[in-house]
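Report on the structure given below.
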Amino acid sequence: MTFQNELINWYNQNKRDLPWRHTNNAYIIWLSEIILQQTRVEQGLPYFNKFLENFPNVSDFASASESKVLKLWQGLGYYSRGRNMHATAQIVMSDFNGVFPTLYDDLIKLKGIGEYTAAAISSFSSGEARAVVDGNVFRVLARYYGINTPINSPAGKKQFYTLANELMFKEDAALYNQAIMEFGAMQCKPKSPACNICPLNQTCYAFNNHLVKELPVKIGKAEKKHRFFNYFICTQGDEILVKERQAGDIWQHLYDFPLIETLELPNWMDPSFNNTVKDFFGINTEFTLISYKKHILTHQIIHVHFFALKNYIFNFSKQKELNWVSLSKLDELPQPKVIHDFLEDNFKNKME
DNA sequence: AATCCGGGGAG
DNA sequence: CTCCCAGGATT
């Protein structure tokens, strides 16, 4: 049996029942594919259901506010996906008459849709014979064919895309694409795959040469940068001071608090830190440490300290993004995970 | 070519 | 801890 037929055979016997596999509606497939970028199925599934419920079609998505989209996205990470979806939904309304495109050449031009996602949506919605190459496909092909070109190098990317498209099962592109990804996710797993029961083990290069653990090859990760976020919690009656994060850094258009970032762990008993705080807020400041949280992202480790601030006079001319928000409405704003967790722990009762 | 962009789960 | 997940955009 051929490589392709083995994969499809395995898929028919072992596939999971996932909601986006019951449709060829390009809009619904697009929802699932964007949500699943760099995201496990188990983590993305509740978000997929939530988005489809709130936005049954692309028109509903396009007419929502960006803030509502980000609020629904809260906790999933890589928030540019949500912002790009919102922009793309509006382009589909204006440039495609509200009909979500199904052709690769149309899809690839849309925000947030790259080579993988354009291949996925086009093959699943219209059967276009474009091979998907995601983390699963890289791994399956690297092992089965014994390819040691780094998968995250330009040369590797080209090599794997070329091979994947040569292998494409043109009689049923959607079925084949689903099959190879599911096989990578469940059988040819990153760690300790069950090679002894694999239907392809007789012809798998890595298995026969004891290279399963070495493949695929990936080149070096940059070291994580440490950052120190010092948040100041300012309340006034039933209101709290929040800040909308701007472009050029993480969590764009999500909300946090007045922030002083320092280059190293600040000693808040030190007069110089006190002066920095005083300069930031105005005069006559007093603050006490509430809590600390270490927040780990892909390229940075953020040391987050929360302080309660008293006796403050703000210089709003320097802090235009600051706004007072009533505690009862705070939960409507999209927040980074570390902010949301802090509020859950310290303000839940006051937010009702 | 390298770096940025989140958060979670497995080992 | 480390690795990686149905990747894409930016520099």
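Keep in mind that the numbers below use all heavy atoms, side chains included, and drop hydrogens, waters and symmetry copies. Nothing here was measured: the structure is a model prediction, and the numbers come from that model.
- Comparing the P positions of dA6(C) and dC4(B) gives an interatomic distance of 24 Å, to the nearest angstrom.
- For Y79(A) and dG7(B), the shortest distance from a side-chain N or O to OP1 or OP2 is below 4.0 Å.
- When heavy atoms are screened at a 4.0 angstrom cut-off, G77(A) is found touching base atoms of the nucleic acid.
- When each of Q38(A) and E42(A) is assigned the nucleotide of DNA chain B bearing its nearest heavy atom, the one mapping closer to the 5' terminus is Q38(A).
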Might you work through the side chain to side chain donor-acceptor pair (under 3.5 Å) test for Q37(A) and R81(A), ending with a clear yes or no?
CA-CA 9 Å; Q37(A) 287 170 0; R81(A) 291 184 289 173; 4.9 Å; no

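- Using a 4.0 Å heavy-atom distance criterion, T117(A) is classed as a sugar-phosphate-only contact.
- Between F306(A) and Y231(A), the ring-plane angle classifies as parallel under the 30° and 60° cut-offs.
- K294(A) comes within 4.0 angstrom of the backbone, heavy atoms only, and of no base.
- Taking only side-chain nitrogens and oxygens, H295(A) never comes nearer than 4.0 Å to OP1 or OP2 of dG6(B).
- As rounded to whole Å, 10 Å separates atom C1' of dG6(B) from atom CD1 of I302(A).
- Counting any heavy atom pair closer than 4.0 Å across all strands shown, E115(A) reaches sugar-phosphate atoms only and no base atom.
- A donor-acceptor pair under 3.5 Å is formed between the side chain of Q335(A) and the backbone N or O of L330(A).
- Aromatic ring pairs are classed by plane angle as parallel below 30°, tilted from 30° to 60° and perpendicular above 60°; the pair F51(A) and F61(A) is parallel.
- Atom-to-atom, CZ of R245(A) to C1' of dC4(B) comes out at 14 Å; the value is rounded to the nearest Å.
- Proximity of N25(A) to W30(A): side-chain heavy atoms (C-beta onward) are nowhere separated by under 4.5 Å.
- Applying the ring-ring contact (aromatic ring centres under 6.0 Å, His included) test between H305(A) and each of F232(A), Y292(A), F287(A), F273(A) identifies Y292(A) as the sole match.
- With W20(A) as the partner, the side-chain contact (heavy atoms from CB on, under 4.5 Å) test is satisfied by one option alone out of L52(A), L31(A), L36(A): L36(A).
- The cationic group of K50(A) lies under 6.0 Å from the six-membered ring centre of Y47(A) and within 45° of the ring axis, placing it in a cation-pi geometry.
- The CG-P distance, from L76(A) to dG8(B), rounds to 9 Å in whole Å.
- I219(A) has its CD1 atom 9 Å from the C1' atom of dA2(B), to the nearest Å.
- Straight-line distance from the NZ atom of K224(A) to the P atom of dG7(B): 13 Å, rounded to whole Å.
- Distances shown here put a side-chain N or O of Q300(A) below 4.0 Å from the OP1 or OP2 atom of dC5(B).
- With rounding to whole Å, R227(A) atom CZ is found 11 Å from dC4(B) atom C1'.
- Atom CH2 of W73(A) and atom P of dC5(B) are 17 Å apart (whole Å).
- Residue contacts for S80(A): at a heavy-atom cut-off of 4.0 Å it reaches no nucleic acid atom on any strand shown.
- Taking the 5' to 3' direction, DNA chain C first and last meets chain A under 4.0 angstrom from a heavy atom at dC1(C) to dA9(C).
- Closest to the L297(A) side chain, of the nucleotides dA2(B), dG11(B), dG7(B), is dG7(B).
- Counting any heavy atom pair closer than 4.0 Å across all strands shown, D249(A) reaches sugar-phosphate atoms only and no base atom.
- Expressed to the nearest 0.5 Å, how far OG of S153(A) lies from CZ of F160(A) amounts to 8.5 Å.
- Ranked by how close their nearest DNA chain C nucleotide is to the 5' end, I296(A) and G112(A) are led by I296(A).
- Looking at heavy-atom distances under 4.0 Å, G44(A) makes no contact with the nucleic acid at all.
- Nucleotides of DNA chain B nearest to K225(A) and R40(A) differ in position, and the one nearer the 5' end is that of K225(A).
- In this structure, L254(A) atom CG and dG7(B) atom C1' are separated by 13 Å, rounded to whole Å.
- Spacing between dA9(C) and dG8(B) at atom C1', rounded to whole Å, works out to 23 Å.
- For R139(A) and Y161(A), each mapped to the nucleotide of DNA chain C holding its nearest heavy atom, the one lying further toward the 5' end belongs to R139(A).
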